[in-house]
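Below: the structure, in structure tokens.
So you know, we letter chains A, B, ... as the sequences are listed, proteins then strands, and number each from 1.
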Number of protein chains: 2
Amino acid sequence: MKILLVEDEPKVSAFIRRGLEEEGFEVEVAYDGRFGRQLALGHAYDLIILDVILPHFSGLEVLAALRTQDQQTPVLLLTALGTTQDKLLGFGGGADDYLVKPFDFPELLARVRALLRRRGQQAKSAVLIFEDLTLDTAAKTVMRAGQPIRLTAREFGLLELLLRHAGRVLSRAELAADVWEDSFDAGSNVVDVYVNYLRNKVDKGFSQKLIHTVVGMGYVLRSE
Amino acid sequence: MKILLVEDEPKVSAFIRRGLEEEGFEVEVAYDGRFGRQLALGHAYDLIILDVILPHFSGLEVLAALRTQDQQTPVLLLTALGTTQDKLLGFGGGADDYLVKPFDFPELLARVRALLRRRGQQAKSAVLIFEDLTLDTAAKTVMRAGQPIRLTAREFGLLELLLRHAGRVLSRAELAADVWEDSFDAGSNVVDVYVNYLRNKVDKGFSQKLIHTVVGMGYVLRSE
DNA sequence: ATTGCCCCATGAAAATCCTGCTGGTGGAAG
DNA sequence: CTTCCACCAGCAGGATTTTCATGGGGCAAT
């Protein structure tokens with residue numbers, strides 16, 4: 001993990017740098033806005049820590065430069081105590097987090113970790129969409145025609161599988177194998193029961209049914 | 001300032017585009033929901049103007065896709081005269097403003113400006129807001145309906161995470177990973193216990209509960 | 001020494017899950 | 001055209017799993 005630190009006070013920057021390096025991060029330091037901006041734009045950092053008050057360019061200007069280049073690197077701003085809210089308000093660019101000086105190092109570390117983690121998480125959020133039905137696998141939310149639908153864990157698992165294979169007929173055995181993992185009794189009608197639960201929540205009240213039975217074969221998610 | 005306009009009627013979109021460009025905004029136009037969604041998710045716009053009625057996906061679905069990805073870009077919805085309020089109200093994720101067609105251009109411009117201004121403010125302050133609950137990440141203060149709430153460090157961390165992902169179901173593992181960092185025992189019920197503490201401090205005494213459990217999945221911060 | 005926070009463990013409570021059953025439907029066979 | 005039969009929808013209540021809520025011990029800061 002590579003972190004860029006832009007901070008002009010040697011004491012502060014040394015303090016932060018040492019702390020972060022002890023935690024296993026790779027840290028580069030810039031001592032003014034101009035150099036900071038150059039590094040920020042020229043390299044791919046995982047996180048940038050910016051002091052607001054700097055020689056040449058302020059941290060806010062560095063941030064602006066970054067964002068106008070469509071760089072989404074997370075930015076943690078260090079604002080001196082007493083920096084007027086106004087100054088920050090006037091600014092469009094958007095940092096990801098703020099920390100007011102003076103601060104404890106553990107506090108900084110926690111935020112750095114949070115930002116790095118958050119960035120990692122966002123990438124894996126996957127939204128499955130079929131017609132007017134949407135399912136977010138990460139957020140565990142389901143919507144039909146913009147209306148939120150509340151599902152239990154089993155129902156969610158079943159719908160997710162149907163969505164992943166929309167248009168394809170899935171046999172009870174296939175559904176059971178995936179949603180019920182191993183604990184599945186072949187003589188059971190659980191699948192039927194849960195398909196019904198789903199129909200009540202997903203299809204009921206809509207003229208356009210999405211869940212269909214294919215007699216003797218299984219179930220499909222399709223329009224028609 | 002970059003604005004995305006999703007509107008299928010060529011006359012209307014040309015009209016809005018020209019007007020906004022004369023005011024110095026940079027405007028991109030998508031003519032259907034699918035392309036609109038693609039652009040919205042792929043680029044960092046300062047504002048998105050969405051027509052509700054569109055080919056492929058409705059504006060509401062584009063909005064839903066955006067919000068489930070945790071994108072907080074302000075959204076202005078254009079609704080045709082006669083669209084029932086219900087349809088809009090049922091919407092959890094929330095547009096930031098609505099405008100009923102037909103509308104005057106100065107009206108649109110005023111709202112666009114207001115949204116951009118508001119966002120500037122929100123982004124700067126390290127204050128997370130959901131309904132009548134506010135949390136200041138810098139000052140470490142929490143308020144519900146104007147009343148201050150005292151939280152311990154753990155409780156605060158947990159609530160902050162829930163707020164940052166409001167509307168999204170977070171599993172115990174996700175919560176633990178962020179709040180308890182590494183020292184987390186999978187067989188423990190710490191998360192449950194702390195959610196309980198939070199409920200006592202945040203939800204107790206309010207008819208509108210904000211912390212909800214989704215059995216088998218985790219916890220969410222949401223209204224309803 | 002006291003206070004407040006953190007976390008474990010437990011039984012109670014709630015929600016979900018699943019079984020077993022009834023009735024219905026549609027297609028095939030007669 | 002009628003009868004039969006395999007298959008499916010739908011329900012209800014008990015079994016099972018999951019979550020809530022609470023007491024208390026350990027620990028660190030004051």
**Residue that, paired with B/Leu210, satisfies side-chain contact (heavy atoms from CB on, under 4.5 Å) out of B/Val220, B/Leu162, B/Asp132** =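 Result for side-chain contact (heavy atoms from CB on, under 4.5 Å) with B/Leu210: B/Asp132.
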
**Prompt:** Hey, does A/Lys201 have a side-chain heavy atom less than 4.5 Å from the side chain of A/Glu155?
**Reply:** yes

**Request:** For residues B/Asp51 and B/Val6, determine if any side-chain heavy atom of one lies less than 4.5 Å from a side-chain heavy atom of the other.
**Result:**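 A side-chain contact is absent here, since even the closest heavy-atom pair is not under 4.5 Å.
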
**Asked** Atom CZ of B/Phe156 and atom CD1 of B/Ile149: how far apart are they, to the nearest 0.5 Å?
**Response** 11.5 Å

**Request:** Verify, without hydrogens or angle tests, whether B/Asp46 (side chain) and B/Leu116 (backbone) share a donor-acceptor contact under 3.5 angstrom.
**Result:**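 No; zero donor-acceptor contacts below 3.5 Å.
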
**Asked** Is any side-chain N of the basic residue among A/Arg168 and A/Glu174 closer than 4.0 Å to the acidic one's carboxylate O?
**Response**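 Judged by the 4.0 Å cut-off on N to carboxylate O distance, A/Arg168 and A/Glu174 do form a salt bridge.
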
**Carboxylate-amine/guanidinium contact A/Glu131 A/Arg144, below 4.0 Å** = no

**Message:** Ignoring hydrogens and geometry beyond distance, is a side-chain donor-acceptor pair present between B/Tyr219 and B/Arg172 at under 3.5 Å?
**Reply:** yes

**Request:** Verify the distance criterion only: is there a donor paired with an acceptor across the side chains of A/Glu9 and A/Tyr31 at less than 3.5 Å?
**Result:** no

In whole angstrom, what separates [X]'s [atom1] from [N]'s [atom2]?
{"X": "A/Asn196", "N": "C/dT16", "atom1": "CG", "atom2": "P", "value": "17 Å"}
{"X": "B/Asp192", "N": "C/dG11", "atom1": "CG", "atom2": "P", "value": "17 Å"}
{"X": "A/Arg172", "N": "C/dC18", "atom1": "CZ", "atom2": "C1'", "value": "16 Å"}
{"X": "B/Asp203", "N": "D/dC20", "atom1": "CG", "atom2": "C1'", "value": "14 Å"}
{"X": "A/Leu151", "N": "C/dT16", "atom1": "CG", "atom2": "C1'", "value": "13 Å"}
{"X": "B/Leu158", "N": "C/dC7", "atom1": "CG", "atom2": "C1'", "value": "14 Å"}
{"X": "B/Lys201", "N": "C/dC6", "atom1": "NZ", "atom2": "P", "value": "9 Å"}
{"X": "A/Leu198", "N": "D/dA9", "atom1": "CG", "atom2": "C1'", "value": "14 Å"}

**Message:** If you count heavy atoms of other groups shown closer than 6.0 angstrom to CZ of A/Phe130, is the number above 12?
**Reply:** yes

**Fill in**
5'-most contact on DNA chain C (nearest-nucleotide basis), A/Thr152 vs B/Thr152, goes to B/Thr152

**Prompt:** Closer to the 5' end of DNA chain C via nearest nucleotide, is it A/Tyr194 or B/Ala153?
**Reply:**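 Looking at the nearest nucleotide for each, B/Ala153 comes out on the 5' side.
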
Is [X] close enough to [N] that one of its side-chain N or O atoms is under 4.0 Å from OP1 or OP2 there?
{"X": "A/Ser188", "N": "C/dT19", "answer": "yes"}
{"X": "B/Arg154", "N": "C/dC7", "answer": "yes"}
{"X": "B/Trp180", "N": "C/dC6", "answer": "no"}
{"X": "A/Arg199", "N": "D/dA9", "answer": "yes"}

**Asked** If we fit an axis to the first five pairs and another to the last five of the helix from C/dA1-D/dT30 to C/dG30-D/dC1, what angle do they make, to the nearest 10°?
**Response**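 End axes: 30° apart.
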
**Message:** If you apply the rule side-chain hydrogen bond (donor to acceptor under 3.5 Å, both in side chains), what do you find for A/Thr137 with A/Arg164, and how did you get there?
**Reply:** CA-CA 11 Å; A/Thr137 57; A/Arg164 282 192 190 281; 4.8 Å; no

**Prompt:** Across the strands shown, which category fits A/Asn200 at heavy-atom distances under 4.0 angstrom: base, sugar-phosphate, nothing?
**Reply:** nothing

**Asked** Has the side chain of A/Asn189 got a donor or acceptor that lies under 3.5 Å from a partner of the other kind on the base of C/dG20?
**Response** yes

**Request:** Classify every nucleotide of nucleotides 23-30 of chain D by which part a protein heavy atom approaches to under 4.0 Å, writing B for the base, S for the sugar-phosphate alone and - for neither, in 5'-to-3' order.
**Result:** --------

**Asked** So which of residues 211-221 of chain A are in contact with DNA chain C, with a heavy-atom cut-off of under 4.0 Å?
**Response**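 Within residues 211-221 of chain A, no residue comes under 4.0 Å of DNA chain C.
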
**Test side-chain hydrogen bond (donor to acceptor under 3.5 Å, both in side chains) applied to A/Tyr45 and A/Glu26, A/Glu28, A/Lys2, the passing residue** = A/Glu28

